[in-house]
Amino acid sequence: MAVGEKPLVDTVTQDPRFQQLLNTIDSQISVVWNGNLISLLRSLFAIGLDANNPVLRSVETEVHWRLRRLTFRNLTSLVDFYTGLARTEQQKLLLSDLVKHVELRWAEIADAKAVALLMIKLGHLSSTLMDKLEDKCLELAENFTPDDTRKVMLALAIQSRRSVPLLRALSYHFMQKHLDLKTSVLIDMAFAYGKLNFQQTQVFQRLASELLPRVPELSSLDVMRCTKSFAYLKWLNLPLFEALAQYVHEHCGKMSEVQLCNIIMAFARLNYQPATGEAFFAQIHTRLNGALLQMDPFLLVDLVWSLCILQQVNPLYLSHALKPQLYQRITEGTQSQKRENYKLKLVHINATARLECPDYSGPFLPSQCLYTWVSGGKKKPSPMSAGVREALQSALGDQAKYRCDVDTAYGWVIDGEVLMDSDSKPLDVQDYTASHALQPRGTMPLPPGAKRLALVTREFPNYMSRSRELLGRFAMSRRHLQAAGFLVVDVPYYDWLELKSEWQKVAYLKDKMSKAIGEEMAQ
C-alpha cells in the first residue's frame with residue numbers, strides 16, 4: 001500500500017480497519033523490534049501521514065529513545081530516508097541527535113556503501129562528521145565499486161569539499177578497476193571532477209574514451225552535462241567534442257534553448273570550433289534567434305559573449321545584448337560580484353561590436369558606463385603581473401616611456417603599454433592620443449611607422465589543461481587588442497617562471513618586444 005497510487009492510499013488510510021491497526025501499533029510500540037521499528041517509520045512516511053499524526057509522533061519518539069540501542073546498520077537505514085523529511089521541531093531534534101550518534105559511532109562503519117550513503121545524506125549537516133567520513137573513505141577506497149566512487153565524488157562535489165588525498169585515492173582505485181561502467185557513472189564522475197576542478201588526466205582519458213561510442217545514445221541533458229563538465233576541467237578531447245557537436249547538429253531541434261546556450265558557452269570556454277563550422281552555427285542561429293526576446297537576461301549575455309569568443313556573433317545578437325533596457329536589468333538589484341562579472345562581459349560584447357563587426361550600427365554602451373564598469377571591476381595585480389611591471393620599469397627606466405596597469409575601453413587590462421618609433425626607440429606614452437583609453441589622453445597622433453605594444457601576462461589559469469593554447473576568453477582578449485592597433489606581447493607563465501634573476505627578466509622582455517616588432521615588419 002505504501003507504494004501504491006495516491007487515491008488508493010487515501011481510501012485505505014481513512015478506512016476504520018486501518019485506523020484500528022494504527023491504534024494497535026501505538027499501544028504495543030514498545031515491543032516492536034528495532035529493525036521493524038525503522039521499517040515501520042519508513043512506511044508511515046511513505047503512506048503520507050501528517051507530520052502531527054499522533055501515531056507517527058509516537059513512533060518517532062520511540063525511535064528517538066532507542067537511538068543508543070540501534071545497531072549501526074539500523075542507524076544507516078534511518079539516515080537513508082529520514083534526512084529529507086524532518087519538518088517539525090520534534091523531527092528536527094531527532095535528526096540532530098541522529099547526526100550526533102553517527103558522529104560518535106563512525107568507527108563502526110564497515111562497508112563502502114554505508115560511508116557513501118552517509119556522505120550524501122549527512123555530510124552537509126556536520127563538517128566534523130564529514131571529516132571523519134573522509135578518513136573512513138580513505139580506509140575503504142580500495143573496496144569501492146565504481147558506483148560507490150560516483151556517490152562519494154558527487155557528495156564531495158555538491159559540498160565543494162576538495163580533499164586532495166581522498167580524490168587521489170579514489171582516482172587511483174577507479175583506474176585499477178577494469179569494469180564496464182554505466183553511462184550515468186561516467187557523466188557524474190566528469191561532473192564531480194569539473195565541479196572540484198581536480199585534474200587527473202588518466203581518468204579524463206578513460207571517461208572520454210568510454211563516453212565517445214555512447215554519445216549517439218545520450219539524452220540531450222546528458223550531452224549538455226558532459227560538455228559543461230569537460231569545459232570546467234579546461235580539457236579538450238577533440239574526438240569526443242566532435243561527437244558531441246555532431247549530436248547537437250543532428251538533434252538541435254529537440255534540444256531546449258537553455259541546453260543549446262550551455263553547450264555554446266562550454267565550446268567558447270575551450271575556444272572550440274566544430275569541424276562542421278558554419279553549418280553548425282547556422283543551425284544554432286536558426287534555433288535561437290526567435291527565443292532572444294524571451295530569454296533570461298543573464299543567459300542572453302552569456303550566450304552573446306560566448307558567440308563573440310567563437311567569432312560567430314551577428315548584429316541581431318549584439319543589438320539585443322547592448323540595448324539599454326537589458327543592461328539596466330543586468331546591473332540593478334544583483335549580487336555585487338555577479339553584477340561586476342556581467343558588466344565586464346557587456347564591455348567585451350561592446351568591444352566586439354566596435355572592433356570586429358563593421359556591419360553593426362548600434363546601439364553601443366555609453367562612455368560613462370565603460371568608465372564606471374571597467375574602473376569598478378579593478379583587481380589587485382597578481383605576483384606575476386607585478387613582477388612583469390617591475391621588469392618593464394627596469395628595462396625602460398624613464399617612467400614617461402611606459403604605462404603599467406592600463407585599463408582599456410575594451411574591458412581588458414594591459415600590464416604594460418609601450419610606444420616605439422620606426423627606429424624601435426621608446427616614445428613618451430602620455431604625449432600621444434590613445435583610442436583605447438577610458439579617458440582622453442595626449443594630443444599628438446602617432447608618428448608614421450610607430451608601434452604601440454601591449455605586454456600581457458598569461459598565467460597558468462589562462463590556458464587549457466596540459467596545453468599552451470589559451471582559453472577562449474583570453475584568445476578573444478588578444479584579438480581585441482590586435483584589432484585596436486596593438487602589437488600584443490604575451491608573457492606566458494611557463495617562460496616567466498624559468499627566469500630567476502632580474503637581469504634575465506629584463507632581457508626577456510626586451511627580446512620579446514624586439515621579436516614582436518620584427519615579426520610585424522616582416523609581414
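Please read all numbers here as calculations on a predicted model, not as lab measurements.
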- request: Can you measure from OG (S306) to CD1 (I349) and round to the nearest 0.5 angstrom?
  value: 8.5 Å
message: Any salt bridge linking R150 with D147? Criterion: basic side-chain nitrogen under 4.0 Å from a carboxylate oxygen.
response: yes
field: Pairwise distance CD(Q199) to OH(Y193) - rounded to 0.5 angstrom
entry: 11.0 Å
field: Spacing of L318 atom CG and C308 atom SG [to the nearest 0.5 Å]
entry: 5.5 Å
Working for side chain to side chain donor-acceptor pair (under 3.5 Å), residues E459 and S382: CA-CA 9 Å; E459 305 201 42; S382 68; 2.3 Å; yes
- prompt: Taking all atoms of both residues into account, what is the closest heavy-atom pair of P274 and F281, and its distance?
  reply: CD-CE1, 3.8 Å
message: Please check if the number of heavy atoms outside K515 that lie under 6.0 Å from its NZ is greater than 12.
response: no
message: Would you call the rings of F298 and Y342 parallel, tilted or perpendicular, taking 30° and 60° as the class edges?
response: perpendicular
message: Is it the case that the side chain of K512 and the backbone of D490 share a donor-acceptor pair, with hydrogens and angles ignored and the cut-off at 3.5 Å?
response: yes
field: Any donor-acceptor N or O pair under 3.5 Å, side chains T443, Y432
entry: no
- request: Answer yes or no: is there a side-chain heavy-atom contact under 4.5 Å between R479 and E356?
  value: yes
field: Side chains of L455 and I414 in contact at under 4.5 Å (non-hydrogen atoms)
entry: no
query: With distance as the sole test, does H251 use its side chain to make a donor-acceptor pair with the main-chain N or O of Y247 at under 3.5 Å?
result: yes
- prompt: Which pairs, with at least one residue in residues 242-269 and sequence neighbours excluded, count as a salt bridge (charged side-chain N to carboxylate O under 4.0 Å, His left out)?
  reply: E257-R287
- request: Just do the side chain to side chain contact (heavy atoms under 4.5 Å, CB included) check on M119 and M153 with the steps written out, would you?
  value: CA-CA 10 Å; M119 289 184 84; M153 291 290 293; over 6 Å; no
- prompt: So does E278 have more than 12 non-hydrogen atoms from other groups sitting under 6.0 Å from CD?
  reply: no
query: Above 12 or not: heavy atoms from other molecules or residues under 6.0 Å from CZ of F81?
result: yes
message: Within the supplied structure, the quantity of interest is the number of heavy atoms (other residues, nucleotides, ligands) at a distance under 6.0 Å from Q482 CD; does it exceed 12?
response: yes
- request: Give a yes or no on whether the backbone of D423 and the side-chain of D421 come within a donor-acceptor separation of less than 3.5 Å.
  value: yes
- prompt: Which pairs, with at least one residue in residues 152-173 and sequence neighbours excluded, count as a salt bridge (charged side-chain N to carboxylate O under 4.0 Å, His left out)?
  reply: D131-R161, E134-R161
- prompt: On the ring face of F174, is R206 found with NZ or CZ under 6.0 Å from the centre and within 45° of the axis?
  reply: yes
task: Determine whether the side chains of R441 and S435 contain a donor N or O and an acceptor N or O closer than 3.5 Å.
output: no
task: Before accepting this row, confirm whether a basic side-chain N of the pair E417/R389 lies closer than 4.0 Å to the acidic partner's carboxylate O.
output: no
query: Shortest non-hydrogen contact from A169 to A141?
result: CB-CB, 4.5 Å
task: Measure the CG-CG distance between L303 and N262 for me, rounded to the nearest 0.5 Å.
output: 10.0 Å
S477/Y410 under side chain to side chain donor-acceptor pair (under 3.5 Å): CA gap, chis, key distance, verdict: CA-CA 9 Å; S477 77; Y410 315 120; over 6 Å; no
message: To the nearest 0.5 Å, what is the distance between CG on L233 and NZ on K195?
response: 12.5 Å
message: Looking at every heavy atom in both A243 and V215, which two are closest together, and how far apart are they?
response: O-CG1, 3.6 Å
- request: Just do the salt bridge (Lys or Arg N to Asp or Glu O under 4.0 Å) check on R225 and D188 with the steps written out, would you?
  value: CA-CA 9 Å; R225 291 185 62 210; D188 285 344; 2.7 Å; yes
query: Between N289 and H285, is there a donor-acceptor pair closer than 3.5 Å when you use the side chain of the first and the backbone of the second?
result: yes
query: Any idea how F364 and Y360 line up, ring-wise: parallel (<30°), tilted (30 to 60°), or perpendicular (>60°)?
result: perpendicular
- request: Indicate yes or no for a side-chain donor-acceptor contact from Q259 to the backbone of S256 under 3.5 Å, with no hydrogens or angles considered.
  value: yes
Heavy-atom pair of closest approach, residues L133 and V115: O-CG2, 3.7 Å
field: CZ/F460: more than 12 non-hydrogen atoms of other groups inside 6.0 Å
entry: no
field: M521 CE: over 12 foreign heavy atoms closer than 6.0 Å
entry: no
- prompt: So do the side chains of F267 and L310 get within less than 4.5 Å of each other, counting heavy atoms only?
  reply: yes
- request: Return yes if a side-chain donor-acceptor contact under 3.5 Å exists between D511 and S514, otherwise no.
  value: no
task: Could you tell me whether K177 atom NZ has more than 12 heavy atoms of other residues or ligands within 6.0 Å of it?
output: yes
message: Checking the side chain of D222 only, and the main-chain atoms of L218 only, is there a donor and an acceptor separated by less than 3.5 Å?
response: no
- prompt: Can any side-chain N or O of D302 pair as donor or acceptor with the backbone N or O of L299 at less than 3.5 Å?
  reply: no
query: Should L365 and Y327 count as side-chain neighbours, where that means a heavy-atom distance under 4.5 Å?
result: yes
Residues D428 and K401 bridged, charged N to O under 4.0 Å: yes
- prompt: Are T201 and R466 close enough, and set up right, to give a side chain to side chain donor-acceptor pair (under 3.5 Å), and what steps lead you there?
  reply: CA-CA 9 Å; T201 303; R466 298 185 181 273; 2.5 Å; yes
- request: Examine distances only and state if a side-chain atom of N271 and a backbone atom of L471 form a donor-acceptor pair shorter than 3.5 Å.
  value: no
- prompt: Do L344 and W373 come within less than 4.5 Å of each other through their side chains, counting heavy atoms only?
  reply: no
- prompt: Can you find a pair of side-chain heavy atoms, one from P461 and one from K234, that are under 4.5 Å apart?
  reply: yes
query: Taking the six-membered ring for Trp, are F486 and W412 ring centroids under 6.0 Å apart?
result: no
Neighbour count above 12 (heavy atom, 6.0 Å) for E469 CD: no
query: Under 4.0 Å between a Lys/Arg side-chain N and an Asp/Glu carboxylate O for R214 and E217?
result: no
message: For the CG atom of L207 and the CG atom of L181, what is their distance to the nearest 0.5 Å?
response: 8.0 Å
task: Please determine, by modelled atom types, if Q368 and T372 share a side-chain donor-acceptor pair under 3.5 angstrom.
output: yes
- prompt: Is the backbone N or O of L470 less than 3.5 Å from a side-chain atom of R473, with the two atoms forming a donor-acceptor pair by type?
  reply: no
- prompt: Where does the angle between the aromatic ring planes of Y272 and F241 fall among parallel (under 30°), tilted (30 to 60°) and perpendicular (over 60°)?
  reply: perpendicular
query: How about V456 and V489: do any of their side-chain heavy atoms sit closer than 4.5 Å?
result: no
- request: Verify the ring-centre separation between Y463 and Y493: is it less than 6.0 angstrom?
  value: yes
- prompt: Does a donor on one side chain and an acceptor on the other come within less than 3.5 Å for D495 and Y508?
  reply: yes
- request: Could you check if a side-chain atom of T352 sits within less than 4.5 angstrom of a side-chain atom of L307, using non-hydrogen atoms only?
  value: no
